[in-house]
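Protein chains get the first letters and strands the later ones, always in sequence-line order, with residue 1 at the start of each. Not measured: the values here are computed from a predicted model.
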There are 4 protein chains.
Amino acid sequence: MKNNKPKYNQIIEAAVKVIAENGYHGSQVSKIAKAAGVADGTIYLYFKNKEDVLVSVFEEKMGEFIKQIEESTNQKQNANEKLFTLIKMHFEQLSADYHLAIVTQLELRQSNYDLRIQINNVLKRYLTVLDNILKEGIQQQLFRDDLTIPLVRQMIFGTLDEIVTNWVMNEQKYDLNKQVPAVHDLFMKGLSVD
Amino acid sequence: MKNNKPKYNQIIEAAVKVIAENGYHGSQVSKIAKAAGVADGTIYLYFKNKEDVLVSVFEEKMGEFIKQIEESTNQKQNANEKLFTLIKMHFEQLSADYHLAIVTQLELRQSNYDLRIQINNVLKRYLTVLDNILKEGIQQQLFRDDLTIPLVRQMIFGTLDEIVTNWVMNEQKYDLNKQVPAVHDLFMKGLSVD
Amino acid sequence: MKNNKPKYNQIIEAAVKVIAENGYHGSQVSKIAKAAGVADGTIYLYFKNKEDVLVSVFEEKMGEFIKQIEESTNQKQNANEKLFTLIKMHFEQLSADYHLAIVTQLELRQSNYDLRIQINNVLKRYLTVLDNILKEGIQQQLFRDDLTIPLVRQMIFGTLDEIVTNWVMNEQKYDLNKQVPAVHDLFMKGLSVD
Amino acid sequence: MKNNKPKYNQIIEAAVKVIAENGYHGSQVSKIAKAAGVADGTIYLYFKNKEDVLVSVFEEKMGEFIKQIEESTNQKQNANEKLFTLIKMHFEQLSADYHLAIVTQLELRQSNYDLRIQINNVLKRYLTVLDNILKEGIQQQLFRDDLTIPLVRQMIFGTLDEIVTNWVMNEQKYDLNKQVPAVHDLFMKGLSVD
DNA sequence: AATGAATGAGGGTTCATTCAT
DNA sequence: TATGAATGAACCCTCATTCAT
């Protein structure tokens with residue numbers, strides 16, 4: 001198992017730090033290696049190439065990110081609360097990890113098409129969580145039954161992602177966590193007065 | 001005036017085509033020049049450097065994109081219809097220009113931080129249009145008066161952007177325009193049953 | 001005749017100014033053209049190529065420089081006075097023309113081998129003046145008759161050139177003209193005590 | 001230590017050869033690398049950039065050149081003999097190294113202002129040797145005590161440099177070493193008959 | 001397993017020169 | 001004569017990857 005090798009994790013952690021501090025294009029393999037305390041060549045004993053390092057960063061970090069959301073939402077009984085928890089956990093985790101937020105929202109987006117395909121694969125698990133909450137909400141008659149699930153999923157994910165990106169680009173000046181109720185309320189009630 | 005110079009436009013059009021077909025990192029200056037039917041050096045008579053070409057592509061294309069949305073929404077009387085028109089025009093224009101959709105949704109996002117800052121400046125006009133519709137809707141008592149405008153704006157933009165990006169990444173297999181009423185409905189009514 | 005064309009001289013004068021202010025490598029044809037108030041292409045109506053401009057600058061300016069020295073030394077009766085006058089005129093003329101001194105001592109030396117060959121041709125007239133003074137001095141029994149003329153010529157030219165170059169590189173902080181008697185004295189008497 | 005790295009010296013030697021044979025402007029990094037038997041990128045493991053290679057060539061070669069002169073003159077007892085030895089060593093060393101003479105006398109002078117500043121710094125050691133000989137000569141009452149040392153230093157250096165440059169530009173057709181006594185004699189006795 | 005010196009392909013940009021007007 | 005827009009060849013440097021030790 002990859003993850004049990006200590007150097008593997010050293011490299012992943014170093015990569016997050018280096019990318020957050022130097023940007024995607026300022027993160028040479030040699031810089032990551034140095035930050036990880038290994039030789040350049042050692043990177044290639046644990047990763048196929050540089051792209052594999054970046055994908056792995058995303059997989060490891062987003063895997064944990066999604067796992068936390070899964071576990072937290074599972075503890076809630078109804079879809080409404082689950083949605084609230086998902087939003088809360090999404091904002092909370094990225095608020096808590098300064099480096100990670102920069103890396104996922106800004107830097108890894110500069111990767112090429114192929115890398116983004118792989119990133120999307122990782123995100124599928126997140127989208128599945130969302131889909132399940134939506135289905136459950138409809139069954140529980142908390143959500144409208146005429147909703148197109150993929151569309152709603154895109155709305156929710158697009159919104160959360162946009163909000164976090166804006167927050168990161170504004171140098172994280174305000175408290176993201178305070179937005180949770182308003183965002184949840186917006187999803188639930190929409191714009192209309194009645 | 002920049003725009004009246006035919007070579008300027010030739011280069012812009014060539015850049016869109018080359019970037020759409022070769023990806024951001026596969027779009028060398030020489031490739032763009034060849035596609036535009038000019039010499040490499042000619043690029044530098046019209047643009048400061050390669051980045052300036054890319055910024056200009058975005059400015060010209062998104063400028064027109066936003067102008068169309070502004071004009072169309074201005075012809076509508078109430079905020080509800082304006083929002084509908086905005087969504088419709090957003091999807092319509094990107095549906096209609098295969099290359100442009102790829103470039104704006106996928107390729108230009110791979111640009112570095114500085115370029116993305118400039119891209120965001122161009123998008124401000126779009127966000128202003130959105131903000132004005134929202135303010136108008138609240139005044140007209142069509143939208144709830146407890147809405148946080150920046151948040152709603154982020155929701156709408158994030159959603160539309162995510163939907164278009166998904167459509168492009170799915171190789172534009174389905175008809176984006178058919179989604180307009182559902183998206184509009186989603187924004188208006190939210191998820192709740194009542 | 002080249003010299004009667006006003007544009008020819010405009011370009012020469014512009015070249016001296018531009019090279020003095022921007023250095024050899026910062027003096028593009030377009031910059032010289034602009035300073036001369038002509039179009040880039042016009043340069044090529046009066047000069048074969050850029051190198052020809054630079055050679056012509058040297059020819060024109062050094063031609064006048066040497067002519068002044070020839071005329072002044074011719075008015076002196078003996079070789080000793082002629083040598084004194086040559087040194088005086090050499091320093092005087094370069095002291096008086098700030099731009100010219102920079103161009104001849106520093107910038108044109110950065111030219112390539114071929115250009116320097118042509119520069120040396122221009123300097124031959126100067127060296128001939130020197131040789132004649134030396135021959136005359138020997139005939140007049142003012143100078144030792146065992147002198148090797150080419151060697152002495154190289155000593156005198158090398159010395160004057162080195163002194164002026166040092167003065168230019170020290171940003172012309174001291175008065176070059178005050179050095180004339182000491183330099184002349186040095187040439188005449190050498191280092192020995194007796 | 002730089003000098004113990006074999007590649008460092010390979011590159012220096014290759015640079016001298018390439019510059020001597022192709023001229024300053026014909027000496028691309030790739031050409032130097034090829035001549036040194038290393039990859040282009042290897043140059044940048046040992047030198048900051050191309051200019052650093054050229055400065056280092058001058059530092060290494062002139063450093064050795066000056067060291068030889070220092071050691072040889074130190075073995076002589078009086079200033080007169082030291083001056084003779086300095087001239088002799090100056091001519092001897094450049095006579096002995098065909099490539100080096102071309103590089104120092106012709107090609108490196110085509111470098112830009114910044115590089116020439118650094119070259120001048122290297123030469124300061126040579127000028128100090130000269131100054132010390134002059135001071136010693138005055139103390140020993142072998143040289144006139146009314147000499148202005150900087151001026152005499154400029155005369156001697158300017159003369160030697162001009163003589164060697166002429167010899168190189170004449171394709172080294174005559175024996176430079178035979179000139180030593182005459183040059184020394186000229187410095188000592190000057191031009192005057194008495 | 002680990003090292004790190006060495007590799008070498010690849011591209012944005014400048015600028016002397018040309019030529020249609 | 002004069003223009004100046006257009007040309008396109010030329011080059012330094014970076015950095016992901018390899019491989020002998």
- Item | Between P of E:dA6 and CZ of D:Phe47, the distance in whole Å | 12 Å

- Answer with base, sugar-phosphate or nothing: what part of the nucleic acid does B:Val29 contact at a heavy-atom distance below 4.0 Å? base

- Starting at the 5' end of DNA chain F, which residue's closest nucleotide do you reach first, C:Ala39 or A:Lys48? C:Ala39

- Item | Side-chain N,O (A:Lys7) to OP1/OP2 (E:dA2) below 4.0 Å | yes

- Within-4.5 Å side-chain heavy-atom neighbours: B:Leu115 and B:Phe58: no

- To the nearest 0.5 Å, how far apart are CZ in A:Phe47 and NZ in A:Lys7? 12.5 Å

- Item | Upstream residue (5' side of DNA chain F) when D:Gln28 and C:Gly37 are each assigned their closest nucleotide | C:Gly37

- Name the closest nucleotide to the C:Tyr46 side chain, picking from F:dT1, E:dA16, E:dT7. F:dT1

- Integer-rounded Å distance: E:dT3 P and A:Lys34 NZ: 15 Å

- Task: Quickly work out the C:Asn49 CG to E:dT17 P distance and round it to whole Å.
- Result: 5 Å

- Quick one: C:His25 NE2 to E:dA16 P, roughly how many Å, whole number? 10 Å

- So how far is it from B:Met62 CE to B:Leu100 CG, rounded to the nearest 0.5 Å? 7.5 Å

- Task: Calculate the interatomic distance between B:Lys50 atom NZ and E:dT14 atom C1'; express it in whole Å.
- Result: 17 Å

- Query: Is any side-chain N or O of A:Thr42 closer than 4.0 Å to OP1 or OP2 of E:dT3?
  - Reply: yes

- Step by step, would you call C:Asp161 with C:Arg109 a salt bridge (charged side-chain N to carboxylate O under 4.0 Å, His left out)? CA-CA 12 Å; C:Asp161 193 59; C:Arg109 317 246 161 152; 2.7 Å; yes

- Item | For E:dA1, the Watson-Crick or wobble partner whose two distances fall under 3.5 Å | none

- Decide yes or no for B:Leu94 and B:Thr104: does some side-chain heavy atom of the first lie under 4.5 Å from some side-chain heavy atom of the second? yes

- Message: In whole Å, I'd like the distance from the OH atom of B:Tyr24 to the P atom of E:dG11.
- Response: 14 Å

- For D:Leu45 and for C:Ser27, find the nucleotide of DNA chain E with the closest heavy atom, then tell me which residue's nucleotide is more 5'. D:Leu45

- Query: If pairing requires Watson-Crick or G-U wobble contacts with both distances under 3.5 Å, which nucleotide is the partner of F:dA10?
  - Reply: E:dT13

- Item | Rounded distance (Å) that lies between atom C1' of F:dT17 and atom CD of A:Glu51 | 14 Å

- Query: CG of B:Asp52 versus P of E:dT13: gap in Å, rounded?
  - Reply: 10 Å

